[in-house]
Amino acid sequence: QVQLVESGGGLVQGGGSLRLSCAASGSIFSRYTMGWFRQAPGKEREFVAAIVWSTGITFYADSVKGRFTISRDNTKNTMYLQMNSLKPEDAADYYCAAKLGAVSFRDYNTMDYWGKGTLVTVSS
């Protein structure tokens, strides 16, 4: 069993930055891929970024590439999402998720564990 707790959301002006954190507990993460997804009101949940825990290899949605950076701290079992140059269209609930293995992680339906989310609001 894996428990995930997000933090770091808030209100930021367009062009600003935020760093989200996801504290993970309860399992051996070396076999997991962890990711960030987001969901805006009335829209489907979408993939943002992922990191293969054992290797640190990262993947990004085209919409955030070059602006967002995903990382993890093995000593703290914590994953981060550094978000820079935020745009109003980045506003959403951001969710941390994890799955065993490293395939199909862009599809939110395949993720095994979820946090409860943290809200990011971007003012224009």
Side-chain angles (χ1 to χ4, degrees):
Q1 191 74 9
V2 174
Q3 294 82 44
L4 304 172
V5 179
E6 304 96 335
S7 61
L11 171 64
V12 63
Q13 197 168 10
S17 299
L18 278 176
R19 188 176 81 156
L20 306 183
S21 299
C22 173
S25 62
S27 187
I28 301 172
F29 301 105
S30 60
R31 299 182 296 162
Y32 282 79
T33 296
M34 295 187 67
W36 290 97
F37 292 77
R38 66 187 182 187
Q39 187 166 20
K43 295 189 176 181
E44 190 175 15
R45 192 167 297 191
E46 65 174 359
F47 170 76
V48 175
I51 185 165
V52 180
W53 197 268
S54 60
T55 63
I57 295 174
T58 58
F59 304 87
Y60 296 93
D62 289 342
S63 59
V64 306
K65 203 172 291 184
R67 299 187 298 123
F68 291 11
T69 302
I70 189 172
S71 62
R72 89 284 196 231
D73 185 331
N74 288 329
T75 64
K76 297 180 180 180
N77 282 348
T78 300
M79 178 177 68
Y80 303 98
L81 185 68
Q82 177 67 43
M83 305 186 294
N84 298 328
S85 301
L86 281 161
K87 305 174 182 180
E89 52 263 43
D90 294 317
D93 284 305
Y94 280 71
Y95 297 90
C96 169
K99 69 167 296 178
L100 193 61
V103 296
S104 303
F105 49 80
R106 293 175 185 264
D107 181 353
Y108 68 86
N109 289 302
T110 70
M111 303 305 281
D112 298 315
Y113 302 99
W114 290 91
K116 293 184 178 181
T118 185
L119 179 64
V120 172
T121 305
V122 183
S123 63
S124 56

* Tell me, with the steps shown, if Phe37 and Asp93 meet side-chain contact (heavy atoms from CB on, under 4.5 Å). => CA-CA 8 Å; Phe37 292 77; Asp93 284 305; over 6 Å; no
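- Classification of Asp62 and Lys65 as a salt-bridged pair holds, one side-chain N sitting under 4.0 Å from a carboxylate O.
- At most 12 non-hydrogen atoms from other residues, nucleotides or ligands lie less than 6.0 angstrom from CD of Gln13.
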* To do: Run the numbers on Met83 and Val12 for side-chain contact (heavy atoms from CB on, under 4.5 Å), then give the verdict.
  => CA-CA 11 Å; Met83 305 186 294; Val12 63; over 6 Å; no
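- Nearest heavy-atom pair across Met34 and Ala24 is CE-CB, 4.1 Å.
- Under a hydrophobic-cluster definition in which Ile, Leu, Val, Met, Phe, Trp and Tyr are linked whenever side-chain heavy atoms come within less than 4.5 Å, directly or via other members, Tyr94 and Tyr80 are assigned to different clusters.
- Listed here is the closest heavy atom pair of Thr33 and Gly101: OG1-O, 2.6 Å.
- Under a hydrophobic-cluster definition in which Ile, Leu, Val, Met, Phe, Trp and Tyr are linked whenever side-chain heavy atoms come within less than 4.5 Å, directly or via other members, Tyr95 and Val122 are assigned to different clusters.
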* Tyr32 and Tyr113: side-chain contact (heavy atoms from CB on, under 4.5 Å), yes or no, with the steps? -> CA-CA 11 Å; Tyr32 282 79; Tyr113 302 99; 3.9 Å; yes
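- If you take CG on Leu4 and OG1 on Thr78, they are separated by 10.5 Å, rounding to the nearest 0.5 Å.
- Taking each heavy atom of Cys96 and Met79 in turn, the nearest pair found is SG-CE, 3.6 Å.
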Please list every donor-acceptor pair under 3.5 Å in which a side-chain atom of residues 43-54 meets a protein atom from a residue at least two apart or in another chain.
| residue | atom | partner | partner atom | Å |
| --- | --- | --- | --- | --- |
| Glu44 | OE2 | Tyr108 | OH | 3.0 |
| Arg45 | NE | Gln39 | OE1 | 3.2 |
| Arg45 | NH2 | Gln39 | OE1 | 3.3 |
| Glu46 | OE2 | Arg38 | NE | 2.6 |
| Glu46 | OE2 | Arg38 | NH2 | 3.2 |
| Trp53 | NE1 | Asn74 | OD1 | 2.9 |

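- The structure places OG of Ser17 at 9.5 Å from CZ of Phe68, a figure rounded to the nearest 0.5 Å.
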* **CA sep, side-chain torsions, deciding dist, call: Asp112, Leu100, side-chain contact (heavy atoms from CB on, under 4.5 Å)** => CA-CA 7 Å; Asp112 298 315; Leu100 193 61; 4.0 Å; yes
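- The CZ atom of Arg19 sits 10.5 Å away from the CG atom of Leu81 when rounded to the nearest 0.5 Å.
- To the nearest 0.5 Å, atom CD1 of residue Ile57 and atom CD1 of residue Ile70 are 12.5 Å apart.
- Taking CD from Glu6 and CG from Leu20, the interatomic distance works out to 8.5 Å, rounded to the nearest 0.5 Å.
- In this structure, Ser104 OG and Asn109 CG are separated by 10.5 Å, a value rounded to the nearest 0.5 Å.
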